[in-house]
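Order of listing sets the numbers, starting from 1, for every ligand and every atom in it.
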Amino acid sequence: MSRLNVTGLALIAAAIGASAQAQTQAPAAQPAPAERPLYATTKVADNVYIFRYDNHQSMFVVTPAGVIATDPISERRPAAKAYIEEIRKITKAPIKYVIYSHSHFDHIAGGKPFKDLGAVFIAQRNAKRRIAELKPADVVMPDEVVDAKRVIRLGGTTLELDYIGRNHSDNMLVMRLPKEKIIFTVDWVPLESLQYRGMADTYVPDVEQGLKKVIAMDWDKLIPGHPGPGNRQIGTKDDAKNDLAYLQDLSAAVKKEVDANKSLPEAIKDIKLPKYEKWGGYGPFLPMNIERYYDYWNRGI
Ligand SMILES: [Zn+2]
């Protein structure tokens with residue numbers, strides 16, 4: 001795996017400063033390795049790259065006819081400018097599309113520099129509705145929407161956009177490159193990490209059904225929205241299977257507590273899942289993940 005990296009003491013210093021702020025938003029709750037530059041581009045396949053900025057990452061696809069970019073990851077920071085500069089180091093072809101993974105602002109804010117270059121913005125239909133409701137100041141409104149499926153063909157590359165139902169939001173796309181056997185989908189298939197905090201906007205148990213569906217799809221490499229522990233940027237099907245196993249183990253453990261008439265504080269005190277104790281977020285997020293499943297089993301919500 002080659003890296004088109006951006007290094008320099010100033011960037012490293014900025015990364016250390018930025019990571020302290022970013023930890024409040026980063027699902028994995030992993031401190032960024034001190035030696036990691038603020039941003040970098042990683043080649044995944046001949047035409048497929050990851051742009052990472054601090055602890056968020058996004059996929060882009062380069063073809064002779066143009067570039068397909070995804071999440072701008074620029075909430076309250078100038079990541080899109082760096083993203084475009086990184087693309088321009090690889091190709092001068094026009095940036096044709098920006099595709100949103102889902103509606104959460106930490107992934108999709110700050111796309112204006114792409115819009116200024118003429119990119120067409122695409123999102124799942126429910127994502128556009130959510131953006132229209134909340135009107136976040138720095139989120140470019142999607143130009144086009146996807147319902148269940150759309151296939152983009154550009155310069156010899158095929159990219160499928162699949163909506164496989166509710167999981168971490170009601171508008172998550174799974175972007176799949178069938179030839180390269182790569183998928184990009186964000187936040188709900190983390191690498192060796194618990195689900196973020198209290199699983200806000202996550203549908204239970206739909207997220208487990210979604211994991212079964214994504215595991216059944218044809219792919220080898222997963223690009224998630226955040227690196228895992230040790231700055232691991234690319235996952236495999238085993239990561240998705242482990243995420244499903246975690247949720248099933250968590251669900252079963254919480255159900256047992258509810259069946260025994262235990263209170264939420266008792267459930268939080270009782271439940272230990274040592275199989276996952278090395279995962280990102282185990283300490284801070286396990287009690288909140290327990291709470292989400294406690295409400296599901298105890299109240300059906
Ligand atoms: Zn999200």
Side-chain angles (χ1 to χ4, degrees), residues 21-30 50-59 69-77 79-80 83 98-111 121-142 145-146 161-175 183-211 213-214 222-228 233 235 239-240 243-244 246-247 279-281 284-285 288-289 291-292:
Q21 187 212 346
Q23 275 179 44
T24 56
Q25 306 164 11
Q30 288 288 316
I50 296 170
F51 173 71
R52 178 193 59 77
Y53 194 101
D54 200 2
N55 208 40
H56 285 70
Q57 60 183 27
S58 172
M59 176 182 80
T70 62
D71 297 345
I73 56 173
S74 298
E75 189 180 40
R76 292 187 281 274
R77 60 189 191 181
Y83 194 162
V98 171
I99 305 169
Y100 290 161
S101 60
H102 66 307
S103 61
H104 297 167
F105 308 153
D106 61 316
H107 292 274
I108 63 170
F121 282 57
I122 301 175
Q124 208 279 335
R125 183 179 296 279
N126 297 334
K128 182 168 184 172
R129 190 174 62 211
R130 182 77 157 189
I131 295 161
E133 280 165 7
L134 294 176
K135 299 183 180 58
D138 196 24
V139 173
V140 173
M141 185 60 73
V145 295
V146 181
L161 312 179
D162 285 304
Y163 176 63
I164 60 170
R166 303 187 303 184
N167 42 58
H168 168 95
S169 79
D170 66 357
N171 56 63
M172 180 69 65
L173 291 176
V174 177
M175 303 186 206
I183 61 167
F184 172 60
T185 195
V186 167
D187 282 348
W188 67 293
V189 196
L191 305 188
E192 294 174 295
S193 301
L194 271 65
Q195 296 285 319
Y196 182 55
R197 298 212 293 219
M199 302 174 68
D201 208 12
T202 293
Y203 293 83
V204 174
D206 313 47
V207 63
E208 296 171 37
Q209 300 309 316
L211 282 163
K213 285 182 198 166
V214 89
L222 159 70
I223 301 174
H226 304 270
Q233 293 187 270
D239 288 294
D243 286 334
L244 176 60
Y246 164 71
L247 288 178
W279 280 23
F285 299 164
M288 289 181 266
N289 284 191
E291 183 170 359
R292 179 68 195 88

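Of the possible donor and acceptor atoms, none in the side chain of Asn171 sits under 3.5 Å from a partner among the backbone N and O of Gln124. At least one donor-acceptor pair under 3.5 Å links the side chain of Ser74 to the backbone N or O of Ala80.
The Zn ion (ligand 1) has no N, O or S atom of His107 under 2.8 Å away, backbone or side chain. Because the distance cut-off is set at 2.8 Å, Asp187 qualifies as a neighbour of the Zn ion (ligand 1) through one of its N, O or S atoms.
Using a 4.5 Å cut-off on side-chain heavy atoms (C-beta onward), Val174 and Trp188 make contact.
Per residue His104, closest N, O or S atom to the Zn ion (ligand 1): atom name ND1.
Within a 6.0 Å sphere centred on CZ of Arg292, other residues, nucleotides and ligands contribute more than 12 heavy atoms.
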